[in-house]
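Okay, so here's the structure we're looking at.
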Amino acid sequence: NGGTDRVFLSAQLNNIISYEVFDAAPADLTYFVSLNRYKGFITTDPTNAEYRFNIDAVLSQQIYTYTGLTGTGTLDNIETIFSTVIDSPEPAYYWYILDVMFYVPSGNMQVTQSVVGQRSLSVQVVKA
């Protein structure tokens with residue numbers, strides 16, 4: 001609501017990732033876990049106006065890199081914790097999301113399964 005409001009965020013995510021490499025050559029995998037802020041806007045449809053959201057900022061991010069993957073396999077549980085991230089956005093309508101992304105920088109592979117275990121996102125707005 002106000003320009004001096006602050007948002008305190010904490011998040012946790014456990015993920016077990018399975019993969020398959022299709023060639024004999026090893027592949028690499030980069031796994032991103034991001035705490036993102038999305039900013040809301042109202043559509044211009046006069047008969048059915050609704051909120052939509054565009055990414056506004058990456059507040060915090062952890063990146064995991066796995067190299068030389070071959071065959072079919074499963075990575076050990078990957079625990080990601082964000083503790084007390086502080087955000088001070090301008091007044092607007094926001095949505096905070098814990099996003100994951102998989103990127104294959106080299107090799108021919110795919111993520112076949114992502115089993116998300118414990119997960120949480122806590123957001124508290126403190127009015128100044």
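For reference, positions follow the sequence shown, starting with 1.
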task = Keeping the roles fixed (side chain from R119, backbone from G117), state whether a donor-acceptor pair exists under 3.5 Å.
result = yes
request  = Rounded to the nearest 0.5 Å, what's the gap from CG on N15 to OG on S114? Could you check?
outcome  = 3.5 Å
ask   = Looking at side-chain heavy atoms only, is the closest gap between F82 and V33 below 4.5 Å?
value = yes
message = Could you walk me through whether Y64 and F32 satisfy the ring-ring contact (aromatic ring centres under 6.0 Å, His included) test, starting with their C-alpha distance in whole Å, then the side-chain angles of each, then the deciding distance to 0.1 Å, before giving a yes or no?
response = CA-CA 6 Å; Y64 304 90; F32 299 83; 9.5 Å; no
message = A quick test of your reading: do over 12 heavy atoms of other residues, nucleotides or ligands sit less than 6.0 Å from CG of D23?
response = yes
query = Does one hydrophobic cluster hold both V125 and I86, with members joined at side-chain heavy-atom distances below 4.5 Å?
reply = no
task = Tell me whether the guanidinium CZ or amine NZ of R37 lies under 6.0 angstrom from the six-membered ring centre of Y94 and within 45° of its axis.
result = yes
task = Say whether, by atom type as modelled, one donor and one acceptor occur between the side chain of Q62 and the main chain of I81 under 3.5 angstrom.
result = yes
key: Verdict with reasoning, F102 to Q110, per side-chain contact (heavy atoms from CB on, under 4.5 Å)   = CA-CA 9 Å; F102 304 103; Q110 73 176 11; over 6 Å; no
Side-chain H-bond candidate by donor/acceptor type, T74 with S18, under 3.5 Å = yes
key: Verify same cluster id: L59, I55 (apolar side-chain graph, 4.5 Å)   = no
ask   = Would you call D87 and R6 a salt bridge, taking side-chain N to carboxylate O under 4.0 Å as the test?
value = no
task = Could you verify whether a donor N or O on one side chain and an acceptor N or O on the other, from D28 and S106, lie under 3.5 Å apart?
result = yes
query = What are the two closest heavy atoms between P89 and Y96, and how far apart are they?
reply = CG-OH, 3.8 Å
query = Linking I/L/V/M/F/W/Y whenever any side-chain heavy atoms sit under 4.5 Å apart, do F8 and V85 land together?
reply = no
No-hydrogen, no-angle side-chain donor-acceptor test under 3.5 Å, D45 and T43 = no
ask   = When clusters are formed by joining ILVMFWY residues with side-chain heavy atoms under 4.5 Å apart, either directly or through shared neighbours, do L98 and V116 land in the same one?
value = yes
note = ring pair (Phe, Tyr, Trp, His ring centres under 6.0 Å) test vs W95 passes for just one of Y51, F53, F41, namely F53
task = Report the distance from atom CG of L69 to atom CD1 of I17, rounding to the nearest 0.5 Å.
result = 10.0 Å
task = Step by step, work out the side-chain contact (heavy atoms from CB on, under 4.5 Å) result for T80 and Q12.
result = CA-CA 6 Å; T80 305; Q12 179 177 357; over 6 Å; no
query = Would a line drawn from the ring center of Y66 to the ring center of Y31 be shorter than 6.0 Å?
reply = no
ask   = Stepwise, does the side-chain contact (heavy atoms from CB on, under 4.5 Å) test hold for V21 with N108?
value = CA-CA 6 Å; V21 178; N108 184 12; 5.9 Å; no
note = Residues passing the side-chain hydrogen bond (donor to acceptor under 3.5 Å, both in side chains) test with D99, sequence neighbours excluded, are N36, Y38
request  = Quick one: closest heavy-atom pair of G107 and A27, and the distance?
outcome  = CA-CB, 3.8 Å
task = To the nearest 0.5 angstrom, please state how far the CG atom of D5 sits from the CD atom of E90.
result = 12.5 Å
query = Does one hydrophobic cluster hold both L75 and Y103, with members joined at side-chain heavy-atom distances below 4.5 Å?
reply = no
key: Nearest-0.5 Å distance that lies between atom CD1 in I78 and atom CD1 in I16   = 9.0 Å
request  = Take E50 and I42, measure what side-chain contact (heavy atoms from CB on, under 4.5 Å) needs, and give me the verdict at the end.
outcome  = CA-CA 5 Å; E50 62 183 356; I42 297 177; over 6 Å; no
